[in-house]
Amino acid sequence: MKCSEVIALLEQLAPASIASSWDNSGLLLGRRDKTIRRIAVTLDVTDAVVEEAIAWKADLIVSHHPMIFSPMRQIVTDQLGGRRIWRLANADIACYAMHTNFDAAAEGMAWLAASKIGLRETKRLSECVSYPGTDGAAREGGIGIVGSLPEPLPCSALVHRVKERFSIPSVLVYSASPEAMIERVAICPGSGKDLIPEAIQAGAQVYLTGDVGHHSGLDAKEMGLTVIDASHYHMEKIFVPYVGEYLRRSVSGEALQVRELLDLCPFELW
């Protein structure tokens, strides 16, 4: 299977056209006509991921976060980004990023996170984006999601559910009402502090996200919104097994291997 054909499969799930204008999703390194036999799926293209992909003889890395984001004036090996690009280019490993297009896809990051904690009657937290699905019907996406739990839960029980279903050892909670029964929840995996006003406007009692920051968390609490900061990484690592399984289903019958590099977490909680 050619690299361009793998990209076409990925863009059926999350079209490049719905990525944010400031983003750098898409093919960032490599040849579109390259034959792909091994795909490594990861959240971030770290040094550890680069070395593992080279050792495994991967042909393509599919990541959530773009390996190249800001403009680069040099590709040199004494700089972090340049070293990674140089190593991958020499190994003829292509890199494709699914960033805000996966965030905004109808069955992308927010939908996947909402499914994990069982939200129902959901709608998008930010402005909706519409795009044609593979069946020709219009799909509705957008950044973030808000919905209702199947039954009200004490705030403490919801926190426990989040930790359990996202496999997170600990979370940071700015609790507006520790004993409240929670029914309506907003979610924005990744860095979601900018959507706190939208979560409040949508009537959410709890906002589940990452990278909130001290002052944003305090402000949300003062406005009556409980915030669960489950970290950027732990909220978005769900990308890796989901996209890995999607690729396996999509290339069934092809001589192609998919490996999920989920065990290469870039940090530890002590």
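Predicted model only: the values in this text are computed from it and were never measured.
- Remark: E5 pairs with no residue by the salt bridge (Lys or Arg N to Asp or Glu O under 4.0 Å) rule, at least two apart or across chains.
- At least one donor-acceptor pair closer than 3.5 Å links the side chain of T209 to the backbone N or O of C188.
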Please walk me through it: do E11 and Y96 pass side chain to side chain donor-acceptor pair (under 3.5 Å)?
CA-CA 11 Å; E11 294 196 359; Y96 182 86; 2.8 Å; yes

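- Note: the hydrophobic cluster containing M72 also contains L88 (ILVMFWY, side chain heavy atoms under 4.5 Å, direct or indirect links).
- No donor-acceptor pair closer than 3.5 Å links the side chain of S231 to the backbone N or O of G210.
- Aromatic ring orientation, H99 versus F69: perpendicular (interplanar angle above 60°, classes split at 30° and 60°).
- Within a 6.0 Å radius of CZ in R73, no more than 12 heavy atoms belonging to other residues, nucleotides or ligands are found.
- Closest approach of L119 and V185 over heavy atoms only: CD1-O, 3.6 Å.
- When all heavy atoms of S126 and L195 are compared, the pair lying nearest together is CB-CD2, 4.5 Å.
- In terms of modelled atom types and a separation under 3.5 Å, the side chain of R161 and the main chain of G118 share no donor-acceptor contact.
- Look at D92 and R31 and you find a salt bridge, because one of the NZ, NE, NH1 or NH2 atoms lies within 4.0 Å of a carboxylate O, short of that distance.
- Summarising the local packing, NZ of K237 is surrounded by more than 12 heavy atoms from other residues, nucleotides or ligands at distances under 6.0 Å.
- Distance check: C128 SG to I18 CD1 gives 11.5 Å after rounding to the nearest 0.5 Å.
- Checked for salt-bridge contact, K193 and D229 miss the test: no charged N lies under 4.0 Å from a carboxylate O.
- Judged purely by atom type and a 3.5 angstrom limit, Y174 has no side-chain atom pairing as donor or acceptor with the backbone of V212.
- Between the side chain of Q205 and the backbone N or O of M181, at least one donor-acceptor pair lies under 3.5 Å.
- Nearest heavy-atom pair, V240 versus T42, reported as atom, atom and distance to 0.1 Å: CG2-C, 3.7 Å.
- Hydrophobic cluster membership is shared by V6 and F102, with clusters built from Ile, Leu, Val, Met, Phe, Trp and Tyr side chains linked at under 4.5 angstrom.
- At distances below 3.5 Å, not a single donor-acceptor pair connects side-chain atoms of S63 with backbone N or O atoms of V45.
- A salt bridge links R84 with D47; the closest basic N to acidic carboxylate O contact falls under 4.0 Å.
- Distance alone, capped at 3.5 Å, is enough to place a donor-acceptor pair between the R124 side chain and the G142 backbone.
- In this structure, E140 and A106 approach most closely via the heavy-atom pair O-CB, 3.4 Å.
- Rounded to the nearest 0.5 angstrom, C3 SG and D33 CG are separated by 8.5 Å.
- At most 12 heavy atoms of other shown residues, nucleotides or ligands fall within 6.0 angstrom of atom CD in Q201.
- Counting heavy-atom neighbours within 6.0 Å of W86 CH2, excluding the residue itself, gives a total of 12 or less.
- For F239 and H64, the gap between ring centers is short of 6.0 Å.
- Scanning all heavy atoms of the two residues, the minimum distance from A113 to P189 falls at CB-CG, 3.7 Å.
- With hydrogens and angles left out, the side-chain atoms of K221 and T226 include no donor and acceptor closer than 3.5 Å.
- Taking hydrophobic clusters as Ile, Leu, Val, Met, Phe, Trp and Tyr residues chained together by side-chain heavy-atom distances below 4.5 Å, V62 shares a cluster with M109.
- Within a 6.0 Å radius of CD in E121, other residues, nucleotides and ligands contribute 12 heavy atoms or fewer.
- R165 CZ: more than 12 foreign heavy atoms inside a 6.0 Å radius.
- Judged purely by atom type and a 3.5 angstrom limit, D103 has no side-chain atom pairing as donor or acceptor with the backbone of N101.
- Proximity of a side-chain donor or acceptor of R38 to a complementary backbone N or O of W56 within less than 3.5 Å is detected.
- A donor-acceptor pair under 3.5 Å is formed between the side chain of D23 and the backbone N or O of T100.
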